[in-house]
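First comes the structure, then the notes that go with it.
Numbering of ligands and ligand atoms starts at 1, following listing order.
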Amino acid sequence: MNASLTPGQTKVEQVKLLIDGQWVESKTSEWRDVVNPATQQVLARVPFATAEEVDAAIAAGQRAFKTWRDTPIGARMRIMLKLQALIREHSKRIAVVLSAEQGKTIADAEGDIFRGLEVVEHTCSIGSLQMGEFAENVAGGVDTYTLRQPIGVCAGITPFNFPAMIPLWMFPMAIVCGNTFVLKPSEQDPLSTMMLVELAIEAGVPAGVLNVVHGGKQVVDALCTHSDIKAISFVGSTEVGTHVYNLAGQHGKRVQSMMGAKNHAVVLPDANRTQTLNALVGAGFGAAGQRCMATSVAVLVGKAREWLPELKELAANLKVNAGSEPGTDVGPLISKRAKERVLGLIESGIKEGAKLELDGREVSVPGYEQGNFVGPTLFSGVTTDMQIYTQEIFGPVLVVLEVDTLDEAIALVNRNPFGNGTGLFTQSGAAARKFQNEIDVGQVGINIPIPVPVPFFSFTGSRGSKLGDLGPYGKQVVQFYTQTKTVTSRWFDDDSVNDGVNTTISLR
Ligand code: NAD
């Protein structure tokens, strides 16, 4: 497939749609290049599917649902077992493509796939995850039990920054619960996602159970408004996520929208200094800051202020290069547009009076002069009214704020509208316990910089980072992708039973 293009190859392949088990060449006139962000090499062209193609994908899902919903749970689970084995087998090959289209290092691309693979592993326990409850004898001879039934055709819309992990948050759990699915990958880097979809088909996902359409706003809006789509999982920016949540909600769908972030790491002076500084730099600049759980704000408390020069030195030592090159710490940003936006925000920080401790704007990478690189950038003297604090930068920019006490730090984090992730660095159990209790953020790390929960828990961003009650993966997503039916039943084995007419609501 197109994803296996090598640098010398000239033919640029077209990414296919997957409709009803067929790999379909889109009839659209609108295409977009998938570009290697380190070289600008065009890797493939991705179609923006037509309205008819989106309808066809949903119709295929609707047809397949009739039989898939009744396919035994063990049969569904065995497909997932096969899928996890295939992903494991092909992980290195996918990581190379992922790194080429997204920019992250090969090791980080493998991590992207691995964190998604963990979700696939978890789907293999669907037998117990999807179990209902049973209460015997709730009234004389009456039992009550619940069924967790699939809801129909569901759709997923994914961002560019995790082209493996986030699609794998969505379609495996949706389909193992008995739903069918229409996936709309990021148009910026769909190639590794498509390799995972190919593996799902190879694992035995039947025709129509998993469909893929590509595109932008029009395709997304079509999914959000189509009467046969029952649920939408969205991950991406706050602006688009809010739009999707509102539009799909107005059309009666279940929606979960995981959105933007501004993650604060609070550093107390009693923390393990070396470990903490390593964590700040890794989580601040890894993946070029393009993680929704990246540390983008460091809050130095009291004497931890004195650690700033060391933080700067560590950040300055990171190696900026193409993700495919050995030893790279920081790869390119996804697009020229993303780079322009990050540079604009750095400019705004300077203009608004923050101190630019480390300037990554002029970084040059020999052999990759066309790459969308920005080097690690560090600001101190930042205040909460500056754009570099109020906006999600989504680049390798760490802003440092200083406060005197843990209470002030907690109040600062809680005033920020986002609630995706936060971390506390300390050796004090009492401080950690206070922090986890009082902090109003969905995912908390204690001496852990990127506290993305493992899949038997759920991803639990909150406040401005999330709309909808239930998060992706884990038990919450089983609830999201199923509806509960409660059955109250009574059986008679004797014709002579006569309780008389009951005109009350009570069970007897
Ligand atoms: P994005 O919002 O630009 O795109 C996400 C998806 O929406 C893509 O599939 C895209 O095609 C589609 N889209 C783009 N514009 C649209 C529009 N106007 N109408 C309808 N659909 C549209 O996000 P991105 O730049 O791909 O990803 C980065 C963002 O995602 C960051 O804000 C990051 O914090 C967030 N993110 C959040 C989480 C989380 O779990 N909270 C995880 C990963 C990424």
Quick one: does F162 get within less than 4.0 Å of ligand 1, heavy atoms only? no

Mind listing the closest non-hydrogen atom pair of Q370 and T39 along with its distance? CB-O, 4.1 Å

Any N/O pair S237/ligand 1 closer than 3.5 Å: yes

Mind checking whether E187 has an N or O less than 3.5 Å away from an N or O of ligand 1? yes

What residue and atom, counting heavy atoms only, is the protein's closest point to atom 27 (O) of ligand 1, and at what distance? P159 CB, 3.3 Å

Protein heavy atom under 4.0 Å of atom 15 (N) of ligand 1: yes

Take every heavy atom of G241, measure it against each atom of ligand 1, and state whether any distance is under 4.0 Å. no

Any idea which atoms of ligand 1 are less than 4.0 Å away from a heavy-atom of G215? 11 (O)

Counting each atom of ligand 1 from 1 as listed, which ones have a heavy atom of I157 under 4.0 Å away? 6 (C), 7 (O), 9 (O)

Evaluating non-hydrogen atoms only, which member of P472, C292, A294 is closest to atom 38 (C) of ligand 1? C292

Do the side-chain N and O atoms of E53 and S26 include a donor-acceptor pair separated by under 3.5 angstrom? yes

Heavy atoms only: give me the nearest S233-Q256 pair and the separation to one decimal. OG-OE1, 3.1 Å

Per-atom contacts of ligand 1 with F459, taking only distances under 4.0 Å to non-hydrogen atoms: 39 (C), 40 (O)

Heavy atoms only: give me the nearest V441-S462 pair and the separation to one decimal. C-OG, 3.7 Å

Which option out of P163, G471, S186, G236 puts a heavy atom nearest to atom 35 (C) of ligand 1? G236

Between the candidates V235, V240, V220, L247, which shows the shortest non-hydrogen contact distance to atom 5 (C) of ligand 1? V235

Exactly one of L280, L277, V299 clears side-chain contact (heavy atoms from CB on, under 4.5 Å) with V267, and that residue is L280

Nearest neighbour in protein (non-hydrogen) for atom 8 (C) of ligand 1: T158 O, 3.2 Å

Checking the N or O distance criterion of under 3.5 Å, is ligand 1 in contact with N161? no

Nearest-contact summary for atom 28 (C) of ligand 1 - protein heavy atom, Å: F394 CE2, 3.6 Å

Look at atom 26 (O) of ligand 1 and say which protein heavy atom is nearest, naming residue and atom and giving the distance to 0.1 Å. F160 N, 3.0 Å

When you check the gap from the basic side-chain N to the acidic O, do K312 and E357 get nearer than 4.0 Å? yes

So is I166 polar-close to ligand 1, meaning N/O to N/O under 3.5 Å? no

Could you pull out the closest heavy-atom pair between I151 and K230, with the gap in Å? O-CG, 3.2 Å

Atoms of ligand 1 close to K184 [distance to a heavy atom under 4.0 angstrom, numbered from 1]: 8 (C), 9 (O), 10 (C), 11 (O)

Quick one: does ligand 1 sit under 4.0 Å from the side chain of V244, the backbone, both or neither, non-hydrogen atoms only? neither

Contact summary for C292 and F394, nearest pair of heavy atoms: N-CE1, 3.9 Å

In the protein, what heavy atom is nearest to atom 18 (N) of ligand 1, and what distance, to one decimal place, separates them? K217 CD, 3.8 Å

For residues 461-481, pull every pair meeting salt bridge (charged side-chain N to carboxylate O under 4.0 Å, His left out), keeping only residues two or more places apart or in separate chains. D440-R463

Name all pairs fulfilling the ring pair (Phe, Tyr, Trp, His ring centres under 6.0 Å) condition that reach into residues 217-264, sequence neighbours left out, sorted by first residue then second. H264-Y389

Give a yes-or-no answer on whether the side chains of N372 and Q40 include a donor-acceptor pair shorter than 3.5 Å. yes

Top protein contact for atom 41 (N) of ligand 1, by heavy-atom distance: M259 O, 2.8 Å

Are any of the N/O atoms on E392, whether in the backbone or the side chain, positioned under 3.5 angstrom from an N/O atom of ligand 1? yes

Given F48, F234, W169, which has its nearest heavy atom closest to atom 7 (O) of ligand 1? F234

V153 to D228 - nearest heavy-atom pair and separation: CB-O, 3.5 Å

With no hydrogens and no angle check, do the side chains of E101 and S192 hold a donor and an acceptor under 3.5 Å apart? yes

At a 4.0 Å threshold, what atoms of ligand 1 neighbour a non-hydrogen atom of G260? 32 (O), 34 (O)

Centroid-centroid under 6.0 Å between F459 and W169 rings: yes

